[in-house]
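Take a look at the structure set out below.
Computed from heavy atoms alone, side chains included, the values below leave out hydrogens, waters and symmetry copies. To find a chain, count down the sequence lines: A is the first, B the second, and so on, and within it residues start at 1. None of these values were measured; they are calculated from a predicted model.
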Amino acid sequence: MPLRSRASLLAVVFLLLSVACGGQETSQAESDSESTSRSTTDTTGATDPATSEPAAAGEDATYRAGANLCLSGAAGELGQQMQAGMELAVSNLDPDKPYGLEVVYADSMADPNAGVTVFNDLVRQDVPIVFTCGTTVLTATAPLAERNSVLLLNTSAGGPELAGLSPWLWNAFINTQLEAIAMADYMYNELGYRRVAINLRNDAYGVQTAEAFTPYWESLGGEVVEVVEHELNAPSQEQQVARLAAISPPPDTIYLMTAGADAGTFIREARQAGIEAPIVGINGVESQAVLDIAGEAANGVVYTAAGFNLESDDPITQQFVESFEAEFGDTEVPNTFLVSYYQGVLVWSQLIDHILDQGGEVTAESLRDGLTEVESFQGIGGSEIVFEENGTAVLPVAIKEISDGSFELIEIVETE
Amino acid sequence: MTLFVQLFIGGIAAGALLAPIAMGFSLILGVAKFWHLAHGAVILLAGYLAYVLAQQLGWPLWAVALAAPLFAALVGVALNAGLYEPLRRRGVSAIVMLIASLGAFIAINNALAIAFSFDPRVVRFELFARSWRLGEYYIDAIEITAIVFAAVAGIVTHQVLRRTRAGLSLRAVISSGGMAQVVGVDLAAARRVAFALGSALVGIPAVLIVADNGITPNAALEVVLVAAVATIVGGIGRLMGAYAGAFLVSVLQFEAAGVVSPQWGPTVVFGVLIVFILVRPTGLFGGPLWKSQV
């Protein structure tokens, strides 16, 4: 072959490999588009955002927060639920309180690059606290939060790697490691399983969940008979299905440590292959993509999720339920993230109450310190939210089941 | 042994899905003489059309299966007429054509993401709901359909190229564009036919992708890259080589990913690519580069 032709072929191969690597990196960043951001402002008080200042105790003031949400892109629908939850909570603020709340919303598209741009923009607007969506955005902005002394409050990402990541990152959402412990207890004590096969997503979300689950499961007396892994956004999991189908005797259950389309793909292909073992999962299973891809095959999948008991008769839950139904109708079921962000605003408001009660000034530092000074925060479902020193809250876990296209609650368990 | 055989079955089915795509890619490469990466965009457009027709307009499967290849052919011809021929008239190089193709792919990819988001779009066809077991092994309806279509597509394409006037013209251009022109072959017409036929071949695979685990804007990138690898492995300009290469790389990918770990799948595929480039750049069935016969 002429040297020029071989060189041209190598150049083409290099370009193809570059495109392949770029595509995979983008896929892992949950975005495939150019990084852009836009800001919108939702004002509840009469204060001009450009001139509002933290108030001294006793004076009416408007306290501001940033919301670095995934309002468009792959997680856009979830981001809009998050915004809806925050708006509902802000509108439900007790009018007798000596302050108002204001949230500056911005769109990160769940992309870490865009999330950093948004965060920097919010910092320029002097917000002391930023609610943030997405594990990758949180990990990208955590160092910036530390540098700028801005509190990041996570109310939607359960990635185990977020616990203790930064002294300025506090997690008010159930961690998948705690979910795994709760599921281990449920499987062993309630369902009677003893032999588990694991299919985990090959990143921190899956790997660290498995690392929390496996030793605890074995300490109960259970056995992990096989572990297979898959890549994020894998178009097919037939290789993993084949390995699990070859296990003899079959496991009592298959534990899916993955989310969204990946979970749906595996469930569908496993059932197509004739795997009859029950499938259990973590919060990522609660996804429309699972229902779309797996269809009826998803029926009976049991999983853990953030635990909100909306049947509770405590005043906070009742107010939430009534206002939600007034806004969205009584046939709609509140999305987990909508509830979580509503609860996040409650925590924020209770922090402000604590600081003002002590005669202090509401700053990023006082908000952060308050997370451990306050013995417990009142959350949705009558729960008491307690933040540990590593910045992660101990929260109840819901055991749920997919049934005919809906996500049904089985029970709420308290975690330690 | 059970695992090895089951992975082989899965690899053959995956290869069957890829083979028509790789044949189309190789045909366009052989006739148009550049790497048409926007072949992936044609897959996406055909897939999303199938989704819209079936899910939103309620078309039956047979109608979708007819519409998707026709639409894909139109898209291919439109891309050639609207993007590549104007560039060709300006005398640009093959590398520039490749970059333009990549740009078109990215633009269409992102436009589809805006229109449909990144959520997978799935259609559940009743025909594809079944699966069968033969002893310890299993196969589902989509895999069987892919294998059957790959066989039909391979036979039909081979016969078209062997026994029709247009097919002979395509083979002549693949063999030598200059000589083909000397003997009276209209190169521009040959390119139109290549884009039409090569793009039509992705229509049914696109429908199967939608019916399987759904289509997303990111679905086609890996497919077209592996199709390019299959083309090189089989021999550039050798359509049946690309066809065979698709099965070879798919089986290797499945076995490596299933027996070792998922990361080994792409590693093996691109490792094979590098080996062939260095050791046998003409591919399994190739003659001199750019001068192969079907």
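Using a 4.5 Å cut-off between heavy atoms, A/Ala245 touches chain B through its side chain atoms alone. Contact annotation for B/Ala129: only backbone heavy atoms (N, CA, C, O) come within less than 4.5 Å of a heavy atom of chain A. For chain A, no part of B/Ala256 is nearby; none of its heavy atoms comes within less than 4.5 Å. In this structure, chain B has heavy atoms under 4.5 Å from both the backbone and the side chain of A/Val241. If you measure heavy-atom distances from A/Gln272 to chain B, the contacts under 4.5 Å come from both the backbone and the side chain.
In terms of non-hydrogen atom pairs under 4.5 Å with chain A, the most contact-rich of B/Gln263, B/Arg121, B/Arg133 is B/Gln263. Of all the listed residues (B/Val259, B/Val123, B/Leu7), the one sharing the greatest number of non-hydrogen pairs under 4.5 Å with chain A is B/Leu7. Counting heavy-atom pairs under 4.5 Å between each of B/Asp212, B/Ile209, B/Thr216, B/Val122 and chain A puts B/Asp212 at the top. Per-residue counts of heavy-atom pairs under 4.5 Å with chain B were compared for A/Ala234, A/Ala273, A/Ser287; the largest is that of A/Ala273.
The salt bridge (charged side-chain N to carboxylate O under 4.0 Å, His left out) check on A/Glu226 picks up A/Arg243, with sequence neighbours excluded.
For the pairing with A/His230, the side chain to side chain contact (heavy atoms under 4.5 Å, CB included) check across A/Thr265, A/Asn199, A/Asn202 returns one residue only, A/Asn199.
The closest donor-acceptor contact from the side chain of A/Gln239 to the backbone of B/Phe254 lies at 3.5 Å or more, if one exists at all. No donor-acceptor pair under 3.5 Å is formed between the side chain of A/Glu269 and the backbone N or O of A/Ser236.
Counting only N and O atoms by type, the side chains of A/Gln288 and B/Asp119 include no donor and acceptor under 3.5 Å apart. Side-chain atoms of A/Gln208 and A/Thr176 include no donor-acceptor pair closer than 3.5 Å.
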